[in-house]
Undergrad: 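Quick one: the structure is below, questions incoming.
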Amino acid sequence: MAEEGLISGGEEGEQRKPKQKGKHDKPKPWDDPSIDHWKIEKFDSSWNESGMLETSTFSVKFPSYREKYLQEAWHIVKQALKQYGVACELNLVEGTMSVSTTRKTRDPYVIVKARDLLRLLARSAIKILDDEMQCDIIQIGNIIRNKERFHRRRQRLLGSNNTTLRGYTVAAMGSFKDLKQIRKIVEDCMNNIHPIYHIKTLMIKRELAKNPALADENWDKYLPKFKKKNVKRPKVKAKEKKPYTPFPPPPQPSKIDLELESGEYFLKAEKKSRKKWLEKQEKQAEKTAERKRKREEAFIPPKEMSSDSTKPSANGNTELAEMAASLKNTLEVPRKSEVLPGFLNVEEARSRTAGPATFLGKEVEPN
């Protein structure tokens with residue numbers, strides 16, 4: 001019976017169907033590869049003939065230096081919003097711009113587009129009212145704390161007409177797919193990755209997209225791979241940590257305390273000034289002597305190298321030294337008082353010529 005139960009259980013296990021991963025994992029009508037999920041259909045007024053039931057309003061502040069520009073361009077903004085049934089107002093007293101829906105408004109999302117228009121008015125972005133255009137305002141002010149580094153990296157980003165960006169935000173317009181790429185480029189630029197690397201990659205992708213044969217292939221082998229270079233930076237010397245003590249350091253003596261210890265505090269003003277003058281003179285004399293010594297160093301001749309011929313060798317061989325000493329004694333020049341063999345003494349010759357000289361047997365007085 002046990003064997004029959006095992007066999008029947010095995011047959012039932014084989015007949016069971018595999019369980020689905022999720023309860024609602026069923027094919028959806030929009031899961032079709034022929035459908036382009038990124039495509040945005042243009043709004044038709046027939047979809048909302050009755051209009052809006054409530055009034056929606058958005059207000060945005062603008063800086064004072066943009067007031068003149070907004071006054072000149074406000075009639076263009078008003079005409080553009082009138083086509084979509086949206087009202088706008090410019091309040092120069094409070095420094096605000098506001099948009100609101102009217103009875104003629106049919107598109108419920110156009111009020112959000114109008115709000116984005118107010119944010120992008122500084123960049124003449126009336127294109128945002130189109131259905132295919134979206135906007136993204138990227139915050140870059142909180143990525144880097146160092147101001148110099150922030151301004152240097154922000155200069156790498158160029159706006160329309162090759163103008164550098166201002167402020168702490170970057171505004172971009174385009175499709176959702178393009179805005180995702182722009183956000184990555186801007187954030188990487190502020191993290192010290194130059195935009196030129198992303199631009200090269202995008203240019204290669206654009207050329208590859210033109211070839212329909214490469215549509216289903218992996219493009220990683222065609223894209224450039226940039227290596228990160230480690231730039232040598234000066235090493236910061238670590239400060240030596242002093243041993244921790246729970247007691248505070250002793251207070252340093254003040255100027256009055258030092259004068260009390262030396263006794264200068266009780267001296268008169270004349271004596272104090274006299275003492276200071278003497279100390280100043282001593283310091284000047286020391287500096288003068290030091291400068292004089294440095295000047296005289298240039299005129300001191302270098303020491304001559306003494307010959308080692310007269311010194312005994314390390315092995316105790318003194319024959320060369322004795323020979324040099326004997327030659328020196330024999331070749332010494334005699335003094336004037338000494339008499340060489342065959343020559344007359346100089347002093348004796350002088351004594352002989354000191355008296356009157358004789359010439360032809362007659363004495364001649366010296367002049």
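Hydrogens, waters and symmetry mates play no part in the numbers below; they use all other heavy atoms, side chains included.
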Undergrad: If two hydrophobic side chains count as joined below 4.5 Å and joins carry through other members, does I196 share a cluster with L223?
TA: no
Undergrad: Do other residues, nucleotides or ligands put more than 12 heavy atoms under 6.0 Å from the NZ atom of K272?
TA: yes
Undergrad: To the nearest 0.5 Å, what is the distance between NZ on K292 and CD on E290?
TA: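 Atom-to-atom, K292:NZ and E290:CD are 13.0 Å apart.
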Undergrad: How close do P224 and T201 get, heavy atom to heavy atom, and via which atoms?
TA: CG-OG1, 4.2 Å
Undergrad: After noting the C-alpha distance and the side-chain angles of W277 and K280, does the key distance pass the side chain to side chain contact (heavy atoms under 4.5 Å, CB included) rule?
TA: CA-CA 5 Å; W277 183 81; K280 188 176 180 181; 5.6 Å; no
Undergrad: Walk me through whether F176 and D136 qualify under side chain to side chain contact (heavy atoms under 4.5 Å, CB included).
TA: CA-CA 9 Å; F176 288 111; D136 186 13; over 6 Å; no
Undergrad: Going hydrophobic residue to hydrophobic residue with side-chain gaps under 4.5 angstrom, can you get from V86 over to V112?
TA: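 Yes, V86 and V112 fall within the same hydrophobic cluster.
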Undergrad: Is it true that a side-chain atom of K61 and a backbone atom of M97 form a donor plus acceptor pair closer than 3.5 Å?
TA: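 Side chain of K61 to backbone of M97: no pair is present.
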Undergrad: Grab the two heavy atoms, one from F62 and one from T96, that are nearest each other, plus how far apart they are.
TA: CE2-N, 3.3 Å
Undergrad: Take atom CD of E270 as the centre, draw a 6.0 Å sphere, and report whether it contains more than 12 heavy atoms from other residues, nucleotides or ligands.
TA: no
Undergrad: Should L214 and Y222 count as side-chain neighbours, where that means a heavy-atom distance under 4.5 Å?
TA: yes
Undergrad: Should the heavy atoms of other residues, nucleotides or ligands under 6.0 Å from CD of Q284 be counted, would the total exceed 12?
TA: yes
Undergrad: Verify the neighbour count for atom CD of Q252: are there more than 12 heavy atoms of other residues, nucleotides or ligands below 6.0 Å?
TA: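 No, not enclosed.
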Undergrad: Do the non-hydrogen side-chain atoms of H194 and C189 ever get within less than 4.5 Å of each other?
TA: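 Side-chain contact under 4.5 Å: no.
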Undergrad: Side-chain contact test, heavy atoms from C-beta onward, threshold under 4.5 Å: evaluate it for K184 versus K180 and give yes or no.
TA: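 Side-chain contact under 4.5 Å: no.
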Undergrad: Taking atom CZ of R183 as the centre, does the number of heavy atoms from other residues, nucleotides or ligands within less than 6.0 Å exceed 12?
TA: yes
Undergrad: Does the side chain of Y265 come within less than 4.5 Å of I256's, by heavy atoms?
TA: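 Yes - at least one pair of side-chain heavy atoms lies under 4.5 Å apart.
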Undergrad: Would a single hydrophobic cluster contain both I111 and M133, if residues Ile, Leu, Val, Met, Phe, Trp and Tyr are joined by side-chain heavy-atom contacts under 4.5 Å?
TA: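 M133 clusters together with I111.
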Undergrad: Picking from K294, R295, R293, what satisfies salt bridge (Lys or Arg N to Asp or Glu O under 4.0 Å) with E297?
TA: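 In the set K294, R295, R293, the residue that makes a salt bridge (Lys or Arg N to Asp or Glu O under 4.0 Å) with E297 is R293.
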Undergrad: Would you say T101's side chain and S56's backbone share a donor-acceptor pair under 3.5 angstrom?
TA: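 Between the backbone of S56 and the side chain of T101 there is a qualifying donor-acceptor contact (under 3.5 Å).
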Undergrad: Kindly give the heavy-atom pair with the smallest separation between K205 and W219, and that separation in Å.
TA: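 Closest approach of K205 to W219, heavy atoms only: O-CZ3, 3.9 Å.
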Undergrad: CD of E148: more than 12 outside heavy atoms within 6.0 angstrom?
TA: no
Undergrad: Check for me, please, whether V60 and L92 land in the same ILVMFWY cluster - side-chain distances under 4.5 Å, paths through other members count.
TA: yes
Undergrad: Between K275 and E264, does a salt bridge (Lys or Arg N to Asp or Glu O under 4.0 Å) hold up when you go through it step by step?
TA: CA-CA 9 Å; K275 188 177 180 181; E264 296 179 12; 2.9 Å; yes
Undergrad: When hydrophobic residues are tied together by side-chain contacts of less than 4.5 Å, even through go-betweens, does Y197 share a cluster with I185?
TA: no
Undergrad: Report the distance from atom CZ of R119 to atom SG of C135, rounding to the nearest 0.5 Å.
TA: 7.0 Å
Undergrad: Aromatic ring centroids of F150 and Y168 under 6.0 Å?
TA: yes
Undergrad: If I take atom CD1 from residue I182 and atom CD from residue E187, how far apart are they, to the nearest 0.5 angstrom?
TA: 12.0 Å
Undergrad: Looking at every non-hydrogen atom in both residues, tell me the closest pair between V170 and L157 and how far apart they are.
TA: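 Looking at all heavy atoms of both residues, the shortest contact is CG2-CD1, 4.3 Å.
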Undergrad: Report yes if the side chains of V186 and I140 come closer than 4.5 Å at any heavy-atom pair, otherwise no.
TA: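 Of all side-chain heavy-atom pairs linking I140 with V186, at least one is under 4.5 Å.
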Undergrad: Using 0.5 Å steps for rounding, measure from the SG atom of C88 to the CH2 atom of W74.
TA: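 That separation rounds to 4.5 Å.
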Undergrad: Pair Q71, E67 - check side chain to side chain contact (heavy atoms under 4.5 Å, CB included), show working.
TA: CA-CA 6 Å; Q71 284 180 335; E67 181 177 336; 4.1 Å; yes
Undergrad: In the structure I gave you, are the side-chain heavy atoms of L117 and K113 within less than 4.5 Å of one another anywhere?
TA: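 Side chain of L117 against side chain of K113, heavy atoms only: no contact under 4.5 Å found.
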Undergrad: Can you see which heavy atom on G51 is nearest to which on R106, and at what distance?
TA: CA-NH1, 3.6 Å
Undergrad: When rounded to the nearest 0.5 angstrom, what distance separates CZ in R156 from CD1 in I193?
TA: 10.0 Å
Undergrad: Please name the pair of heavy atoms, one in R115 and one in V99, separated by the smallest distance, quoted to 0.1 Å.
TA: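 Reported closest heavy-atom pair: N-CG2, 4.2 Å.
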Undergrad: Would you call N192 and R149 a side-chain contact if the rule is heavy atoms closer than 4.5 Å?
TA: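 No. Closest side-chain heavy atoms not under 4.5 Å.
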Undergrad: What's the spacing between M190 CE and I138 CD1 if we round to 0.5 Å?
TA: 11.0 Å
Undergrad: With the side chain counted from C-beta on, respond yes when T105 and V110 share a heavy-atom pair under 4.5 Å apart, and no when they do not.
TA: yes
Undergrad: Got more than 12 heavy atoms from elsewhere within 6.0 Å of CD, E279?
TA: yes
Undergrad: Any donor-acceptor pair under 3.5 Å linking the side chain of D178 with the backbone of G174?
TA: no
